[in-house]
Amino acid sequence: MAYQWLLIENLDQVTTIALNRPQNLNALTDELLEELQRAFREVERDPATRVVVLTGQGRGFCSGQDLKAFGGEPGDRDIGHHLDRFYHPLMQRIYRLEKPTIAMVNGVAAGAGMSLALACDMRVASSQARFSQAFVKIGLVPDSGSSYFLPRLIGESRALEMALTGAMVDAETALRWGLVNRLTTPENLVEETRRLAHQLASGAPLAEAWIKREIRHGATHPLEEALECEKDFQILAAATEDHQSAVQAFFDKTPPVFRGR
Ligand code: LHQ
């Protein structure tokens, strides 16, 4: 089925999903959020997708919840239901996708738009990227995963600073804080992201899926449990055809070819 609010392109096993409401910096409406859930469901199943890049059309990455679309009197709005229905399944799906994900942050990422970037495995930013936990500016608290992702990425103190002030953090600072993995010029953003995406797309898919789970597990469990988890995944990885053939390729001095088996 076609998409109205997303642009989707697959090139050399990398699928790029671009939010496409540039006139309001890709603010999130119900329709867009539904399409985003559908798109992530599809890339999950799609054998032609090895890596997913999430970005925004125009000068913004994503300005968060569309505040015009979420109008009405405060008492009339069931924000809990809204989060349950539109945001929580989406953030979990992105976070748990068994393929590497990269947010290609071309411009402002605010509120839930910043959460979207945080839910991805890595972030490549252009110098025009900027980040705001804008929630507090409208009297709200971080949602859609920001309170989970942010302290893990940049530490509690900086996360609190961002959440309490809502201040705009520029791309240079974001790089220094570890909020983004790479910073480049607007002209080189696509190329830089593509390089990283293609590197991942030619990697071992099963190992990549297990690495995502292992690292997330390791970040929240004691050493003893991390060691056990590593062992479990290593037993699986060592039994793959990809591992056997890559070791052979190493001795043959040829590049490995991974088939996901
Ligand atoms: C927008 C938006 C926007 C609509 C720019 N909505 N039009 C979850 C569940 C339920 C409810 C509530 O929230 C949540 C989670 C959240 O995401 S809460 C946080 C929502 N986001 C914000 O509060 C950010 C609001 N936007 C801004 O503060 C600024 O627009 C930023 C800092 C993102 C960008 O500033 P500028 O670069 O100066 O651009 P601009 O403000 O001129 O925006 C361009 C246009 O986009 C403008 O429309 P216009 O017709 O005047 O050209 C804005 O009204 C529109 N726009 N964000 N979230």
Side-chain angles (χ1 to χ4, degrees), residues 4-7 17-37 39-40 54-95 103-120 123 125-151 153-154 159-174 177 179-180 183 185-186 189:
Q4 189 180 356
W5 304 110
L6 302 176
L7 294 177
I17 301 175
L19 310 178
N20 190 24
R21 298 187 73 226
Q23 65 287 355
N24 46 27
L25 310 175
N26 302 310
L28 302 164
T29 57
D30 296 358
E31 295 75 21
L32 194 161
L33 287 161
E34 262 174 357
E35 288 198 357
L36 211 42
Q37 279 205 47
F40 271 92
L54 180 63
T55 191
Q57 279 294 110
R59 74 175 174 92
F61 175 77
C62 177
S63 59
Q65 169 66 40
D66 187 313
L67 296 172
K68 286 181 200 129
F70 199 76
E73 294 300 311
D76 299 341
R77 304 172 309 190
D78 189 344
I79 196 161
H81 172 74
H82 192 73
L83 289 169
D84 276 340
R85 168 149 183 221
F86 294 104
Y87 285 95
H88 295 184
L90 173 64
M91 296 300 169
Q92 291 178 61
R93 186 170 290 279
I94 297 174
Y95 188 65
M104 181 167 80
V105 189
N106 50 306
V108 71
M114 180 169 170
S115 305
L116 274 179
L118 298 178
C120 293
R123 283 144 292 283
S126 107
S127 50
Q128 286 174 350
R130 45 201 176 112
F131 299 85
S132 166
Q133 286 284 298
F135 310 93
V136 70
K137 298 246 182 193
I138 51 170
L140 293 181
V141 300
D143 66 20
S144 48
S146 270
S147 73
Y148 180 86
F149 302 128
L150 202 54
L153 265 179
I154 63 173
L160 275 167
E161 180 182 337
M162 285 195 79
L164 288 171
T165 65
M168 204 49 92
V169 167
D170 64 26
E172 287 281 350
T173 310
W177 284 4
L179 191 51
V180 303
L183 173 57
T185 59
L189 180 64

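Each ligand, and each atom within it, is numbered from 1 in the order the structure gives.
- When side chains are defined from C-beta on, S146 counts as touching L118, because their heavy atoms get closer than 4.5 Å.
- The shortest N or O to N or O distance between H82 and ligand 1 is not below 3.5 Å.
- Protein heavy atom closest to atom 29 (C) of ligand 1, with residue, atom name and distance, is L25 CD1, 4.9 Å.
- What you find for L153 and L179 is that their closest heavy atoms are CD1-CD1, 4.1 Å.
- Looking at D143 next to ligand 1, no N or O pair under 3.5 Å apart turns up.
- Taking each heavy atom of P22 and Q57 in turn, the nearest pair found is CB-O, 3.7 Å.
- For the pair A112 and ligand 1, the shortest N or O to N or O distance falls below 3.5 Å.
- Contacts between L28 and ligand 1, counted as non-hydrogen atom pairs separated by less than 4.0 Å, are absent for every part of the residue.
- The nearest heavy-atom contact from the protein to atom 18 (S) of ligand 1 is F135 CD2, 3.7 Å.
- Below 4.0 Å from some heavy atom of G64 lie the following atoms of ligand 1, by number and element: 17 (O).
- When only non-hydrogen protein atoms are considered, atom 21 (N) of ligand 1 lies nearest to S63 O, 2.9 Å.
- Using a 4.0 Å threshold on non-hydrogen atoms, atom 16 (C) of ligand 1 counts as touching the protein.
- Using a non-hydrogen distance threshold of 4.0 Å, K137 does not register as a contact of ligand 1.
- When distances from atom 55 (C) of ligand 1 to the protein are checked, a heavy atom turns up under 4.0 Å.
- Polar contact check, L67 against ligand 1: a nitrogen or oxygen pair lies under 3.5 Å apart.
- Minimum interatomic distance between M162 and F131 (heavy atoms only, all atoms of both residues): CE-O, 3.6 Å.
- Per-atom contact check: atom 38 (O) of ligand 1 does not touch the protein, criterion being a heavy-atom distance below 4.0 Å.
- The two residues T165 and K137 have their closest heavy-atom pair at O-CE, 3.7 Å.
- Taking a distance limit of 4.0 Å, we find that atom 52 (O) of ligand 1 is approached by no protein heavy atom.
- At a distance under 4.0 Å, no protein heavy atom can be found next to atom 49 (P) of ligand 1.
- Distance alone, capped at 3.5 Å, is enough to place a donor-acceptor pair between the N106 side chain and the G58 backbone.
- Contact atoms of ligand 1 toward Q23: 45 (C), 46 (O) (distance under 4.0 Å to a heavy atom of the residue).
- No side-chain donor-acceptor contact under 3.5 Å links Q133 to the backbone of P142.
- Taking every heavy atom of M168 and a limit of under 4.0 angstrom, the matching atoms of ligand 1 come to 32 (C).
- Counting atoms of ligand 1 from 1 in the listed order, those under 4.0 Å from a heavy atom of I79 are 10 (C), 11 (C).
- Ranking protein heavy atoms by distance to atom 35 (O) of ligand 1, first place goes to R130 NH2, 4.1 Å.
- Smallest separation of non-hydrogen atoms from L54 and F61: O-CE1, 3.5 Å.
- Among protein heavy atoms, the minimum distance from atom 44 (C) of ligand 1 is reached at R59 NH2, 3.7 Å.
- Put simply, atom 41 (O) of ligand 1 has no protein non-hydrogen atoms near it, under 4.0 Å away.
- Summarising the local packing, CD of E172 is surrounded by 12 or fewer heavy atoms from other residues, nucleotides or ligands at distances under 6.0 Å.
- Residue L140 has at least one heavy-atom neighbour below 4.0 Å for each of these atoms of ligand 1: 12 (C), 13 (O).
- Of all the heavy atoms of R21, none lies under 4.0 Å from any atom of ligand 1, so neither backbone nor side chain is involved.
- When every heavy atom of Y87 is checked against every heavy atom of S144, the shortest pair comes out as CD2-CB, 3.7 Å.
- Distances from atom 5 (C) of ligand 1 to the heavy atoms of N24, N26, L116, V108 show the closest one on N24.
- Protein non-hydrogen atoms do not reach within 4.0 Å of atom 27 (C) of ligand 1.
- The aromatic rings of Y148 and Y95 lie perpendicular to each other, with more than 60° between the two planes, well past the 30° mark.
- The shortest N or O to N or O distance between Y87 and ligand 1 is not below 3.5 Å.
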